[in-house]
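Let me begin by presenting the structure, written as structure tokens, before commenting on it.
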Amino acid sequence: MKKKNVFIQGAITPDFIANSIAKHQSKTTIGAHDIFLGQVRADEIDGKTVTAIEYTAYEEMANTKFDEIRERAFDKFELTCSHIYHSLGAVKAGELCLFVFVSSPRRKEAMKALEYLVETIKAETPIFGKEIFKDETHQWKVNS
Amino acid sequence: MKKKNVFIQGAITPDFIANSIAKHQSKTTIGAHDIFLGQVRADEIDGKTVTAIEYTAYEEMANTKFDEIRERAFDKFELTCSHIYHSLGAVKAGELCLFVFVSSPRRKEAMKALEYLVETIKAETPIFGKEIFKDETHQWKVNS
Amino acid sequence: MLVITLKYFGMLVEQTHTHTEKIELAANKISMNDLELQILTKYPKLSTLTYNIALNQKIVAKEALISNGDEIAFLPPFAGG
Amino acid sequence: MLVITLKYFGMLVEQTHTHTEKIELAANKISMNDLELQILTKYPKLSTLTYNIALNQKIVAKEALISNGDEIAFLPPFAGG
């Protein structure tokens, strides 16, 4: 598996996702795709509304980690493909910051693999998020 | 919930999916989208290769059933949105025949709901698939 | 007399050679079970196939009674998705 | 003497006011634990924050020894996705 760069500057667009899906239509052993999209929520915290999250990452470590997580998923589940993309920089509320895409001959394998990938990404990849409020103050996001 | 028509003539396109995703970017309470796509496999059965599946359905019953399944999902899980699209007519190997899309404030709810929807659709909706081989013979698909 | 609509789907059509037909029954009541027996007399090869029967778009028990104007559908195994 | 690179991320940068720095240590070996104590002397407010420390991109035990040229990163709680 060649080392990939997971990071995309700014929001992930619906067109980017459509393109990724289209690329898999030549792989006719695939029966099921499962896609997870993380979208920035306009959460209200103490009366202030989140307008964007600004993402930073320890990029070298994160890319190594993403590779390792994908390899683990290939070991555990029967997968044809697996792709991960994450935003860096500002992503506005309503925009997409995470795109995890798995493909398998069988739906159950795809679903189990997607859950594993998303949970592991959240727990293990050094990505940091600054929630920016309307009044330009901020707080640091922590995954739960 | 208004009654929807789930059926689309022919394959579901990546652009259609991109459009559906884009429409949800104004809903800023959503934190997670989970998408399942069924793709027609070029299975080899007794030395013959599937080139397409031709779908038919008991449409009135299926649309009622899809509504009921979506309502059950809203009762069981914390969902913001849920959409289901299924092809009718011929869908070639590599093309998409099923698109299930759920959105929720939280990822775990979205994932559980997606699995529930996909399994229930496969088990309970009166849709029939004729697997067409290269030599123009066919066999009838049965969900496992 | 009962006038009902019958629908057939998927592989079943290869035996009935029709998707839908209206039939008249010289009875005031008939159970799903009795109807099925009549249909199997008409299309004997259906008995070699697997199917469920829906009455007005719902899978019901074989004891259910059919009324005038009902729609009965013969459904082979589902293959959606 | 050891020359090492330090990296700070996320909320930690609000205390260190730098993302990265090279430092020289007058020692041939030093454990991650001892390095951490030195860094906390330099940036005392880091001690009020939660973080993990990675040595050459891996989270390691505090007893791990640092070599010349190593990269040590201070990582606040992850928030990807």
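Sequence lines set the chain letters: A, B, ... in the order given, protein chains first and strands last, and positions in each chain run from 1.
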Point to revise | Members of residues 34-44 of chain A whose heavy atoms come closer than 4.5 Å to chain B | key: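 Near chain B, by residue number: A:Asp34, A:Ile35, A:Phe36, A:Leu37, A:Gly38, A:Gln39, A:Val40, A:Arg41, A:Ala42.
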Point to revise | Proximity of residues 116-143 of chain A to chain B, residues having a non-hydrogen atom under 4.5 angstrom | key: A:Val118, A:Glu119, A:Lys122
Practice item. Give, as side chain, backbone, both or neither, the part of A:Leu98 having an atom under 4.5 angstrom from any heavy atom of chain B. Key: neither
Revision key, fill the gap. Heaviest contributor of heavy-atom pairs below 4.5 Å to chain A, chosen from B:Cys97, B:Ser103, B:Gly31, is B:Gly31
Check your understanding: Is B:Lys108 atom NZ crowded by more than 12 heavy atoms from other residues, nucleotides or ligands, each under 6.0 Å away?
Key -> no
Practice item. Could you list which of residues 84-95 of chain B have a heavy atom closer than 4.5 Å to any heavy atom of chain A, in residue-number order? Key: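 The stretch touches chain A at B:Ala93, B:Gly94, B:Glu95.
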Check your understanding: For chain A, which residues from residues 13-30 of chain B have at least one heavy atom closer than 4.5 Å to it?
Key ->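 When heavy atoms of chain A are the reference, residues 13-30 of chain B contributes B:Pro14, B:Asp15, B:Ile17, B:Ala18, B:Ile21, B:Ala22, B:His24, B:Gln25, B:Lys27, B:Thr28, B:Thr29, B:Ile30 within the under-4.5 Å range.
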